[in-house]
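Throughout, protein chains are lettered first and strands after them, A, B, ... in sequence-line order, and every chain is numbered starting at 1. Side-chain atoms are counted along with the backbone in the values below, which use heavy atoms only and exclude waters and symmetry mates.
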Amino acid sequence: MATPAAKQYKTLGEEIWKGRAEKTNAELFALTYGALVVQLIQDYEDYEEVNKQLEKMGYNIGTRLIEDFLARSNLGRCADFREVGEVVAKVGFKSFLNISPTVTHGGQPPAASPTRASTPQPAAPGSSFTLTFDENPLAEFVELPEEALEGGLWFSNIYCGVIRGALEMVQMQVQATFISDVLRGDESTEIRVTLSKYLEEEVPVGDD
Amino acid sequence: MPPPLRLNAVAFVSPQNHPILIRTFSQSREDELKYHYIAHTSLDVIDERIMAAVAAKSNDPYLGLLYVEDVAVYGYMTPLKVKIIITLELTDAVVKDIDVITIFRALHTAYRRSVGNPFLRLNTPAENITDHSILVSAGSPRWKAFRKRIDEIGKAVSGIA
């Protein structure tokens, strides 16, 4: 659905990506992340715990990444959660990783008003969008062994943390989880992001 | 149109001369042992060629036709001293070096991608990295992607003119 806004986001994402003076070698990035995940597995020996740690790490990254993102993109507040999804996919992932996941919006709770201009509330909690990745730079060389498959490892779980951390800094509390992953043998790699609630303006919680 | 090159077998051998993966594309099962034997005897020839190459100060990874024993055996050595040996069926047509080099490059890339898998390290925590047991485990039956890639290369070679 190429509405004018969607096209703008796409071009904005590409411009920011091209405008970056320093880019990292993709192989180095993939190998570093792979070594990190394997080290976590060796340290914790429990795949659920590794998932949690990856998400926590992502959260810490996300809270700082959003600054860089907002500074470069100069985007204002999103009108509704739908727009959040578009921006995350087309500008966010594009400008940092040069990938363009597709967004599917869904899970509008029944009470939500269809027109966005008239409602003061941007979206009801419970709305969600799904990001579908057709390529994943983190998983470049990866092949999961059986124990990881059985243990339920989500290799790229750091993405979920980054999304959660970044959105929390702009007053949205969300849950981001993997639904499927090609590394696990599924057909596609998908993350579902669900809005839990809007946060009141608060003094930010200190870093732990 | 010249007849296609028939790739019979591919062998990867570690720097310590341990077999990493030996894959055959011919139909009969009993030939598999034969290719193990061919890979093994190629190692001596490779050593000779390497010494000659070092004397000639050439850094070329492609070692050329090693020897012929009812199949043509070609060798290639990667910078980390992993040896790739392939056997092609003897044909009357001239086999161009550039074709064989292309096959070796594809095999080398497949190998590099498989070795990049971070999970190879998972079950060998206490070992020294230079032990090369990790490289050898890349060819074990646990990691199916490596075999699939080699199989695809084999099919592609047989499919090209």
Side-chain angles (χ1 to χ4, degrees), chain A residues 24-51 53-55 57-58 97 134-159 178 181-189, chain B residues 10 12 14-15 18-23 61 78-82 84 104-156:
Chain A
T24 306
N25 180 304
E27 275 190 24
L28 180 62
F29 185 54
L31 291 173
T32 306
Y33 185 71
L36 174 76
V37 175
V38 168
Q39 192 61 50
L40 283 178
I41 294 176
Q42 288 180 342
D43 289 344
Y44 286 98
E45 287 181 4
D46 169 32
Y47 291 103
E48 272 312 313
E49 189 60 36
V50 173
N51 285 343
Q53 292 298 323
L54 286 174
E55 213 268 351
M57 285 166 48
L97 292 173
D134 53 7
E135 55 172 321
N136 184 357
L138 293 177
E140 192 62 45
F141 303 112
V142 178
E143 205 184 330
L144 289 186
E146 265 137 36
E147 311 90 66
L149 288 171
E150 283 163 23
L153 177 73
W154 293 115
F155 186 79
S156 316
N157 213 33
I158 204 166
Y159 286 154
F178 265 95
D181 193 354
V182 291
L183 289 178
R184 295 241 222 151
D186 300 323
E187 278 183 22
S188 58
T189 307
Chain B
V10 172
F12 287 82
S14 82
H18 296 191
I20 296 176
L21 178 68
I22 302 185
R23 206 94 177 112
T78 71
L80 278 185
K81 308 230 186 311
V82 172
I84 310 180
F104 274 125
R105 288 233 185 89
L107 291 171
H108 187 190
T109 308
Y111 172 71
R112 264 206 318 263
R113 284 192 59 105
S114 312
V115 162
N117 183 10
F119 288 95
L120 286 180
R121 269 199 61 219
L122 194 54
N123 292 324
T124 58
E127 320 257 331
N128 203 347
I129 303 290
T130 55
D131 197 302
H132 300 289
S133 57
I134 296 162
L135 305 184
V136 175
S137 66
S140 85
R142 277 181 91 199
W143 309 111
K144 307 187 199 76
F146 187 27
R147 286 158 183 253
K148 256 206 302 197
R149 283 191 207 114
I150 304 292
D151 286 345
E152 276 167 30
I153 295 177
K155 281 200 208 105

Listed partners of B:R113 passing salt bridge (Lys or Arg N to Asp or Glu O under 4.0 Å), at least two apart: A:E140

Ring-ring centroid check A:F178 A:F155, cutoff 6.0 Å: no

Distance-only polar pair, side chains of A:S156 and A:N136, donor-acceptor under 3.5 Å: yes

Residues of residues 33-40 of chain A within contact distance of chain B, non-hydrogen under 4.5 Å: A:G34, A:A35, A:V37, A:V38, A:Q39

Contact list for residues 31-51 of chain A, test salt bridge (Lys or Arg N to Asp or Glu O under 4.0 Å), sequence neighbours left out: A:E49-A:K52

All salt bridge (Lys or Arg N to Asp or Glu O under 4.0 Å) counterparts of B:D151, not counting sequence neighbours: B:R23

Nearest-0.5 Å distance that lies between atom CG in B:L120 and atom OG in B:S114: 8.0 Å

